[in-house]
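Everything on this sheet refers to the single structure shown next.
Because only heavy atoms are used, hydrogens play no part in the values below, and waters and symmetry mates are left out as well, while side chains stay in. Letters A, B, ... mirror the listed sequences (proteins, then strands); counts begin at 1.
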Amino acid sequence: MVRIHDTLLGRETDLVQRIAGSVSIYVCGPTVYEVPHVGHGRTALVYDVIRRYLTWTGLDVMYVSNVTNVEDKIIARAAREGTSEAEVADRYEAAYWAELIRLNVDEPDAVPRATQFVEPMIDLIAELITAGHAYVIEGEGVYFAVGTFPAYGELSHRRLQDLLDSAGTRVEVDEQKRSPVDFALWKAAKPGEPDWDSPWGRGRPGWHIECSAMSLAILGEGFDLHGGGDDLVFPHHENERAQAEGAGHAFARHWIHSGMVMTGGEKMSKSLGNYTTLGGAIDAHGPRAFRLAVLQVHYRSQMELGDAELRSAAEAVGRLDALVRRAEAAGVVSDASLLDVEVVASFRAAMDNDFGTSAAVAAVFDAVRRANTEIDADNLANAGLLVGTVRHLLAALGLEIGVADDQDGDDDVIERLIAEREGARVSKDFATADRVRDELATLGITLEDTPSGTLWHR
RNA sequence: GGUGGCGUAGCCGAGUGGCUCAGGCAAGGGUCUGCAAAACCCUGGACGUGGGUUCAAUUCCCACCGCCACCUCCA
């Protein structure tokens with residue numbers, strides 16, 4: 001049984017599914033008005049790993065992750081560039097997926113976009129008005145009446161009074177609202193902004209309503225797991241929940257939230273401008289180093305994810321690739337259907353405990369060391385079992401080993417140079433052999449002489 | 001001010017009331033190698049501070065110090 005830390009409960013609990021054997025997951029994706037940064041990469045990877053692991057355990061996973069494509073910053077950017085909101089959103093959504101593909105993040109089963117679900121949002125707002133949880137301010141829009149929903153604050157563990165006390169200290173309050181904590185469900189149209197018809201006049205949906213409507217529309221009532229970055233707990237997820245449950249719909253059974261990426265001790269964010277682009281980080285250190293670095297930290301913890309962390313992870317990935325190289329060179333055969341039961345048990349125990357990827361990866365590295373020892377001792381059968389287990393478990397986390405991040409280059413030239421060096425070595429002409437090795441080094445090629453021949457890698 | 005969380009060896013980072021203090025990176029010493037590379041072996045060093053509970057605390061409790069997040073858009 002998988003145990004998860006449920007934000008609503010504030011503690012760990014069993015992941016009990018709506019329907020035994022299957023898991024439905026909704027994860028909040030980005031608002032696409034800028035290129036993705038390292039933090040977006042981490043979050044996408046965290047949930048990709050959770051999804052992969054649940055699938056690996058035999059569950060039938062339905063994974064939905066949305067894209068917010070209508071929002072103030074998108075509108076502002078489109079206006080600034082003299083282009084359409086759709087063009088801006090499409091451009092940055094494409095940039096987002098392009099990087100996730102490099103990271104080997106599996107495509108979600110569904111990627112709902114806000115503009116595709118305006119009708120269900122309008123229906124939900126209408127239900128809230130009927131239920132007495134929402135009200136119209138002429139010329140302004142429709143607002144959720146927080147005071148009418150007693151459960152408000154449960155998810156983010158806030159008292160309504162505390163919210164009222166701090167309201168207005170940081171953001172100006174619209175005096176027409178019944179309460180300063182009420183939030184917009186529908187915003188009346190403004191000149192130059194995209195808008196849709198609604199029973200309350202033309203306008204556009206508030207931010208929070210899209211996720212309530214889209215998750216219910218695609219996954220249905222009482223879906224299993226709702227996730228996102230922990231900066232979304234309040235107000236976004238609190239509001240999503242109020243909207244769905246206020247309208248009488250059973251919402252997410254469990255909530256999970258992942259930690260933020262920090263840089264120099266501060267949260268990385270687009271608005272602070274202190275971010276590193278995801279593409280830049282992947283270019284510099286490779287997609288697998290990025291994934292491993294994320295795996296080495298528990299998903300709920302804040303983490304630094306800069307050059308030092310990525311370099312360290314890249315070295316570790318190199319060691320994993322080296323294991324595959326030397327296993328193959330030694331003639332080790334691994335059968336994917338045969339796994340080391342103890343290693344698998346350690347891995348599962350770690351992952352079942354709130355997706356403890358850090359401990360799970362540690363179990364794998366333990367097996368890596370043992371596999372190398374077995375190769376050194378020429379115990380090829382034992383080595384094969386361990387190498388196969390390592391590859392299988394890492395693949396379950398989305399990490400492929402034994403394959404280079406980039407395969408370009410002229411292998412024929414390299415092979416010829418290695419053969420040339422081999423000839424020099426046989427005739428004890430080590431000066432020539434070393435000269436060839438240096439030449440290869442300038443091409444970024446590292447050589448390894450083994451009893452069964454010379455191996456090379458980039 | 002309110003809420004939640006964190007402070008572990010050079011760095012990153014799991015974890016546990018007592019057993020040889022995960023794992024990764026880095027460092028030093030070996031083995032192997034023509035030399036390297038890779039790998040393996042060995043080594044050192046930790047649990048913010050002060051109290052308390054306990055036979056025993058890094059782990060539980062209290063206080064204090066420091067840091068972070070959310071309370072506004074945000075992954």
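- Side chain of A:S166, nearest nucleotide from B:C70, B:A75, B:G1: B:G1.
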Test side chain to side chain donor-acceptor pair (under 3.5 Å) on A:Y26 and A:D224 and set out the steps. CA-CA 8 Å; A:Y26 184 93; A:D224 292 306; over 6 Å; no
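- In terms of phosphate contacts, A:S301 brings a side-chain nitrogen or oxygen within less than 4.0 Å of OP1 or OP2 of B:A14.
- Side-chain N/O atoms of A:S271 and base N/O atoms of B:C73 include a donor-acceptor pair closer than 3.5 Å.
- The side chain of A:D230 has B:A69 as its nearest neighbour among B:A75, B:A69, B:G1.
- Taking atom C1' on both nucleotides, B:G7 is separated from B:G50 by 16 Å, rounded to a whole Å.
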Taking only distance into account, with no hydrogens and no angle test, what donor-acceptor pairs under 3.5 Å do side-chain atoms of residues 414-424 of chain A form with protein atoms, sequence neighbours excluded?
unit_1, atom_1, unit_2, atom_2, d
A:E415, OE2, A:W456, NE1, 3.2
A:R421, NH1, A:D449, OD1, 3.2
A:R421, NH2, A:D449, OD2, 2.8
A:E422, OE1, A:R425, NH1, 3.4
A:E422, OE1, A:T454, OG1, 3.1

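- If you check every strand for non-hydrogen atoms under 4.0 Å, A:M262 touches sugar and phosphate atoms only.
- Residues passing the side-chain hydrogen bond (donor to acceptor under 3.5 Å, both in side chains) test with A:K267, sequence neighbours excluded: A:D231.
- If you check every strand for non-hydrogen atoms under 4.0 Å, A:K73 touches a base.
- Of the residues in residues 343-362 of chain A, those lying under 4.0 Å from RNA chain B by heavy-atom distance are A:S358, A:A359, A:A362.
- The side chain of A:S312 lies closest to B:G24, out of B:G24, B:A37, B:A75.
- Between B:C6 and B:G48, the two C1' atoms lie 11 Å apart (nearest whole Å).
- Comparing A:R311 and A:R370, the nucleotide of RNA chain B nearest to each residue sits closer to the 5' end for A:R311.
- Remark: A:R204 pairs with A:D72, A:E193 by the side-chain hydrogen bond (donor to acceptor under 3.5 Å, both in side chains) rule, at least two apart or across chains.
- If you take atom C1' in B:G18 and the same atom in B:A26, they sit 32 Å apart, rounded to whole Å.
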Please lay out, stage by stage, how A:H237 and A:H257 fare under the test ring pair (Phe, Tyr, Trp, His ring centres under 6.0 Å). CA-CA 10 Å; A:H237 288 167; A:H257 291 93; 4.9 Å; yes
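- In this model, no side-chain donor or acceptor of A:D162 finds a partner on the base of B:G1 within 3.5 Å.
- Listed nucleotides: B:A75, B:C12, B:C41. Nearest to the side chain of A:T373: B:C41.
- Within the structure, the ring pair (Phe, Tyr, Trp, His ring centres under 6.0 Å) test picks out no pair touching residues 291-330 of chain A (sequence neighbours left out).
- The distance between atom CD of A:E238 and atom P of B:U72, rounded to the nearest whole Å, is 13 Å.
- Atom P of B:G15 sits at a distance of 15 Å from the matching atom of B:U59, rounded to the whole Å.
- Taking atom C1' in both B:G44 and B:G52, the straight-line distance is 34 Å, to the nearest Å.
- Counting non-hydrogen atoms under 4.0 angstrom, A:G10 reaches nothing in the nucleic acid.
- Under the 6.0 Å distance and 45° angle rule, A:K177 does not count as a cation-pi partner of A:F144.
- Under the salt bridge (Lys or Arg N to Asp or Glu O under 4.0 Å) criterion, the residue pairs touching residues 297-315 of chain A are A:R300-A:D354, with sequence neighbours excluded.
- Comparing the P positions of B:G23 and B:C42 gives an interatomic distance of 11 Å, to the nearest angstrom.
- At the phosphate of B:C40, OP1 or OP2 sits under 4.0 Å from a side-chain N or O atom of A:R319.
- Among the heavy atoms of the strands, none lies under 4.0 Å from A:P36.
- Counting only heavy atoms from C-beta on, A:E315 has its side chain closest to B:C25 among B:G23, B:A38, B:C25.
- Closest to the A:R158 side chain, of the nucleotides B:G34, B:G13, B:C70, is B:C70.
- Put simply, the side chain of A:N372 and the base of B:C41 share no donor and acceptor less than 3.5 Å apart.
- Listed pair A:K270 / B:C73 fails the phosphate criterion, with no side-chain N or O lying under 4.0 Å from OP1 or OP2.
- A distance of about 8 Å separates the P atoms of B:C47 and B:U58, rounded to the whole Å.
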Check the pair A:E210 / A:N66 against side chain to side chain donor-acceptor pair (under 3.5 Å), numbers first and verdict last. CA-CA 9 Å; A:E210 70 177 65; A:N66 75 300; 3.0 Å; yes
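- Residue A:K267 is classed as a base contact, given a heavy-atom separation below 4.0 Å to a base.
- Under 3.5 Å, the side chain of A:R437 and the base of B:A36 form at least one donor-acceptor pair of N or O atoms.
- Atom name C1', nucleotides B:C60 and B:U16: the rounded distance is 12 Å, in whole Å.
- If you check every strand for non-hydrogen atoms under 4.0 Å, A:L447 touches a base.
- For A:Q296 and B:G23, the CD to P distance is 12 Å, given to the nearest whole Å.
- With sequence neighbours left out, the side chain to side chain contact (heavy atoms under 4.5 Å, CB included) criterion links A:N379 to A:E374, A:A377, A:N382.
- You'll find that the side chain of A:F365 is closest to B:G23, out of B:A38, B:G23, B:A36.
- A close approach under 4.0 Å does occur between a side-chain nitrogen or oxygen of A:T31 and OP1 or OP2 of B:A75.
- Of the options A:I445, A:T446, A:V413, a side chain to side chain contact (heavy atoms under 4.5 Å, CB included) to A:L440 is made by A:I445 and by none of the others.
- No contact: A:G318 has no heavy atom under 4.0 Å from any strand.
- One finds no side-chain N or O of A:R300 lying less than 4.0 angstrom from the OP1 or OP2 phosphate oxygen of B:C6.
- Listed by chain and residue number, nothing satisfies the side-chain hydrogen bond (donor to acceptor under 3.5 Å, both in side chains) test with A:R391 (two or more places apart in sequence, or in another chain).
- Sorted by first and then second residue, the ring pair (Phe, Tyr, Trp, His ring centres under 6.0 Å) pairs with a member in residues 351-402 of chain A read A:W56-A:H392; sequence neighbours excluded.
- RNA chain B is contacted by A:R421, A:R425 of residues 420-427 of chain A, taking any non-hydrogen atom closer than 4.0 Å.
- For residues 33-53 of chain A, the pairs satisfying salt bridge (Lys or Arg N to Asp or Glu O under 4.0 Å) are A:E34-A:R77, A:D48-A:R52, A:D48-A:R291, A:R51-A:D109, A:R52-A:D106, with sequence neighbours left out.
- Residue-to-nucleotide proximity on RNA chain B shows that, of A:D434 and A:H157, the 5′-proximal contact is made by A:H157.
- Annotated stems with RNA chain B as a participant read B:1-7 with B:65-71, B:10-12 with B:23-25, B:27-31 with B:39-43, B:48-52 with B:60-64, given as range with range, by first number; only runs of 3 or more Watson-Crick or G-U pairs under 3.5 Å qualify.
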